[in-house]
2 protein chains.
Amino acid sequence: MADVPPGSANQEGLSELAALAAMPYKARSVRPIWLQIYDRLADVIRREVVAPGAKLPGEVYLADLFGVSRITMRRALALHQNEGLLQARKGVGIFVRSRPRRFLIRNDMQFAESLAVDGGDITSRTLWLGRQRPSPEAAELFGIAPDDEVICLHRLRQLDGAPIYVSRKEFPAARFPEFEARYRQSGSVKDVFQSAGIDSFYRSETRVLGGLASRSEAEVLEISPKTPVQYVTAINCDASGAAIEFNRGCWPMASVELVFAVPH
Amino acid sequence: MADVPPGSANQEGLSELAALAAMPYKARSVRPIWLQIYDRLADVIRREVVAPGAKLPGEVYLADLFGVSRITMRRALALHQNEGLLQARKGVGIFVRSRPRRFLIRNDMQFAESLAVDGGDITSRTLWLGRQRPSPEAAELFGIAPDDEVICLHRLRQLDGAPIYVSRKEFPAARFPEFEARYRQSGSVKDVFQSAGIDSFYRSETRVLGGLASRSEAEVLEISPKTPVQYVTAINCDASGAAIEFNRGCWPMASVELVFAVPH
DNA sequence: CAGTGGTCTAGACCACATG
DNA sequence: ATGTGGTCTAGACCACTGG
């Protein structure tokens, strides 16, 4: 048996974890061991036996505790990372995700409103702002040439400092000649729109596409590469119906639910 | 080296596969071997070096071919199963998915219309039809008691015989006393609606939620358990705005794209 | 430096589908 | 009976993080 108590996750939680690990397994043919371990971990996390944000004992310790090889243990842990309940940091440890809540994104609301959830401090970080060639979709949408320019804005949304959503926005440069200056003043796209004489706009289309996170996406979102994510593409139009924004965002699959309601 | 040519995937394809496998790997620190193998497999599938629907050589043969352990090989294969390009059948082999196309689900169209894609034969199979206690969501939606009854319909949609979508629909029993009889006649929910005096209806809300396939879902969809899927929940209302259908469907993540457009 | 998670191996047994 | 994919092990080395 393991005799080295690991760093974190208080004593009480540790002993309860040990008790759960000591339970006999059902037959492998009924349910694979790694899935049974997965189930017990899910229970432990759901009941907050180990607190959100806390560090789990190391893999070797856990493997010993559950009486399986490290590979089998890793498999159970990996699935929970896929589902967003756990997050491993190389060289550091495996942590319980602090706030595994889901966000509701409604098509009849601005994104910012959608994000205003129960408690929690939503912040926005500008990763990059500049001019680029348009993506093919944006070029067609704005009716501009492929070698024309768009204003491109990369942003990261955070909840209490933890990243939850990364987006890449494109705007037609011709329409917003002073975009950079205005944005730097207020940090708000809505304000830039207003200063360009656009008082009202609406989301004309929203697309949802599932995928697995690329390396760069995983990095900024602090998840493992190849974790399932939702790509949400949104098009905003001014009152006349002309497209003014093309937005492609990436959410960890586990942390967002999308709602599309028709006003009636 | 392996010297047993496996069952399927024609000779030409096999030799090209072998050539690709023989290429030297980049340093493991740059990109893990299993991801490099994953990349090469993706290339092979995309270029249809092995035809859609064809069987891949066995895992042990492939592992030998790529010069890695079976576990490493399996890791590359597993990721492709997650993304829907490959599908393993226990005791049989690993197959290239025949039609990895995506379906567009629009909120301004009936599901049946959405499915009418380029070529391909869409069929529907009724898995189960009967009466049950309502799900909590349906009970609230229809304004009925938790111990009341709903008509419940499980259906599977297939494209050229291959399953692509499974759904569970609930209807208020009080409103459709002859549901079963009518549905058995036509096999169409729309017809049942009409025979109950409902000529027009609309989708009032659509929800999208990511998840990993349960064992039963994976079984009917012929995918591996824990493959990423999209759960799409739809509510249909009659012209007066009363809910008449609660529908929860499950798609393999890789085979669906959702579009929500506002009519303007 | 020690401890962590990430990768990889060689070998084994099982359940399943097919002939 | 054979071959397939699914599970599991014991051990090893690496890269990264932190004190």
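So that the names make sense, note that chain A is the first sequence line, chain B the second, and so on, each numbered from 1.
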What is the separation between atom CG on B:Leu86 and atom C1' on D:dG5, rounded to the nearest whole Å?
13 Å
Separation between CD of B:Glu180 and CD1 of B:Ile151, rounded to the nearest 0.5 Å
5.0 Å
Answer yes or no: are there more than 12 heavy-atom neighbours, outside A:Arg215 itself, under 6.0 Å from its atom CZ?
no
Between A:Val92 and B:Val92, whichever has its closest DNA chain D nucleotide further toward 5' is B:Val92
At under 4.0 Å, does any side-chain N or O of A:Arg89 touch on OP1 or OP2 of D:dT17?
no
Need one value for A:Ile94: base, sugar-phosphate or nothing, where a base atom within 4.0 Å counts as base even if backbone is also close, heavy atoms only.
sugar-phosphate
Mind checking whether A:Trp251 and A:Phe103 have parallel, tilted or perpendicular rings, split at 30° and 60°?
tilted
Whole-Å gap separating P (C:dT4) and CD (A:Gln87)
17 Å
Rounded distance in Å - CD1 (A:Ile37) to C1' (D:dT7)
12 Å
Distance check needed: C:dG6 C1' versus A:Arg215 CZ, whole Å only.
13 Å
Under 3.5 Å donor-acceptor, B:Gln87 side chain and B:Glu222 backbone
yes
Is the side chain of A:Ser224 donor-acceptor paired with the backbone N or O of A:Thr227 at a distance under 3.5 Å, no angle test?
no
By nearest nucleotide on DNA chain C, pick out whichever of B:Lys90 and A:Gly93 is the more 5' one.
A:Gly93
Rounded distance (nearest 0.5 Å) linking atom CG of B:Asn82 with atom NE2 of B:His80
10.5 Å
Whole-Å gap separating C1' (C:dG5) and NE2 (A:His80)
18 Å
Would you tabulate the nitrogen or oxygen pairs shorter than 3.5 Å linking the protein to nucleotides 9-11 of chain C?
| from | atom 1 | to | atom 2 | distance (Å) |
| --- | --- | --- | --- | --- |
| C:dT9 | OP2 | B:Ser69 | N | 2.8 |
| C:dT9 | OP2 | B:Ser69 | OG | 2.8 |
| C:dT9 | OP2 | B:Thr72 | OG1 | 2.5 |

Between B:Glu257 (side chain only) and B:Ile105 (backbone N and O only), is there a donor and an acceptor less than 3.5 Å apart?
no
Among residues 19-35 of chain A, which residues get a heavy atom nearer than 4.0 Å to DNA chain D?
A:Arg28, A:Pro32, A:Ile33, A:Trp34
Atom pair distance, as rounded to whole Å: CD in B:Glu59 and C1' in D:dC8:
14 Å
In whole angstrom, give the distance that lies between atom CD of B:Glu222 and atom C1' of D:dG5.
16 Å
Would you tell me if any nitrogen or oxygen in the side chain of B:Arg74 comes within less than 4.0 Å of OP1 or OP2 on D:dG5?
no
Would you say the side-chain atoms of A:Arg40 pair up with the backbone N or O of A:Leu20, donor to acceptor, closer than 3.5 Å?
yes
Examine A:Arg248 relative to A:Tyr231 and say whether NZ or CZ is less than 6.0 Å from the centre of the six-membered ring and inside a 45° cone about the ring axis.
yes
When the distance from CG of A:Leu56 to C1' of C:dG3 is rounded to whole Å, what number comes out?
16 Å
